[in-house]
Amino acid sequence: MNRLVLILFFLAGSLAAAPNLISNADLRQYDLSSGQPSGWRNTPALTGLRVPHPDSPGQFALRLASLKAGSNALWVGTLAPIQPEARYRVTARVKAPLNGQFRVYVERVKPQFKAFNGSRWERGTGEWQTVSFDFSFEGAGSQPYLVFCVNTPDDCLATDFQLTQLSE
């Protein structure tokens, strides 16, 4: 009996969810003066807001729209320190208008600019879509950050941001 309890204890520990490495991923913390969620910044200014999640009461989403068709607007999120050579997975849910273009990616600027999933534009369906990709960085460099980017003047929403380290 004790052996069975011990085995179940170890199995439960190995199945526990990996911690989310995105700062303020649930968007609950925010600056009262700017209305911006802590750990996130928006550019160009005033193209994005933290809004109540339309389908999940008590939760939040990032709303973003570009100033004009074809120009980019971004939310940039802070990540916990990323270990060189380790593998990670990013997942987010995005709701963009039909054919509205968006992308979710991770990038860093030093020692040289490097982006993961950054050149892949997705087309909105008008419904929630899950975006997921794996990445790793070789060698030391600047701290990577998460980007949610759109180039449509119509409102796009993003939520449920996750960054987890994959086991070896």
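Only this structure's heavy atoms are used, side chains among them; waters, hydrogens and symmetry mates stay out. Just so it is clear, the model here is predicted, and its values are computed rather than measured.
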query = F60 and Y30: aromatic ring centres closer than 6.0 Å?
reply = no
Judged by atom type as modelled, is there a donor-acceptor pair below 3.5 Å linking the side chain of T78 to the main-chain atoms of G39? yes
Heavy atoms of P97 and C156 approach each other most closely as CD-SG, 3.7 Å
- Message: Classify the ring geometry of F135 against F133: parallel below 30°, tilted from 30° to 60°, perpendicular beyond 60°.
- Response: tilted
Rounded to the nearest 0.5 Å, the CZ atom of R89 sits from the CG atom of D134 at a distance of 4.0 Å
For a 4.5 angstrom cut-off between non-hydrogen side-chain atoms, does I22 reach L146? yes
When every non-hydrogen atom of T164 is compared with those of P19, the smallest separation belongs to CG2-O, 3.7 Å
Exercise for review: Tell me whether the centres of the aromatic rings in Y105 and F116 are closer together than 6.0 Å.
Suggested key: no
Value for CG (L64) from CG (L74), rounded to nearest 0.5 Å, stands at 7.5 Å
Those residues at least two apart in sequence (or on a different chain) that pass salt bridge (charged side-chain N to carboxylate O under 4.0 Å, His left out) with D26 are R28
Heavy-atom nearest pair, A65 first then D154, reads CB-O, 3.7 Å
**Report entry** Pair L62-T159, side chain to side chain contact (heavy atoms under 4.5 Å, CB included): steps then yes or no
**Finding:** CA-CA 6 Å; L62 296 177; T159 191; over 6 Å; no
Side chains of N151 and W121: any donor to acceptor distance under 3.5 Å? no
Output for pair (Y88 OH, L166 CG), nearest 0.5 Å, gives 9.5 Å
Closest non-hydrogen atoms of Q165 and A18, given as atom of the first, atom of the second and distance, are O-CB, 4.3 Å
Can you check side chain to side chain contact (heavy atoms under 4.5 Å, CB included) on N72 and V150, steps first, answer last?
CA-CA 6 Å; N72 292 344; V150 303; over 6 Å; no
Which of H53, Q36, R50, Q59 passes side chain to side chain contact (heavy atoms under 4.5 Å, CB included) with L27? It is R50
S71 and S66 have their tightest heavy-atom pair at O-CB, 2.9 Å
OG (S23) and CG (L79) are apart, to the nearest 0.5 Å, by 8.5 Å
Check: Under 6.0 Å between ring centres, would you say that holds for W40 and F161?
Finding: yes
* Could you verify whether a donor N or O on one side chain and an acceptor N or O on the other, from N42 and T47, lie under 3.5 Å apart? => yes
To the nearest 0.5 Å, atom CD of Q83 lies from atom CG of L21 at 9.5 Å
So do V147 and V104 actually touch side chain to side chain, heavy atoms under 4.5 Å?
no
Residues at least two apart in sequence or cross-chain that pass salt bridge (charged side-chain N to carboxylate O under 4.0 Å, His left out) with R93, listed by chain then number, are D160
query = After noting the C-alpha distance and the side-chain angles of I82 and Q143, does the key distance pass the side chain to side chain contact (heavy atoms under 4.5 Å, CB included) rule?
reply = CA-CA 7 Å; I82 300 295; Q143 178 61 25; 3.8 Å; yes
d(R63 CZ, L157 CG) to nearest 0.5 Å is 8.0 Å
Check: Transitively linked via ILVMFWY side-chain contacts under 4.5 Å: W128 with L98?
Finding: no
### Query
Under the 3.5 angstrom rule, does the side chain of Q129 hit a backbone N or O of R123 as a donor-acceptor pair?
yes
- Verdict with reasoning, T152 to K68, per side chain to side chain contact (heavy atoms under 4.5 Å, CB included): CA-CA 7 Å; T152 177; K68 62 182 179 179; over 6 Å; no
Nearest heavy-atom approach of R108 to S142 is CD-O, 3.4 Å
message = Quick one, F137 and K114 - any side-chain contact, counting heavy atoms below 4.5 Å?
response = yes
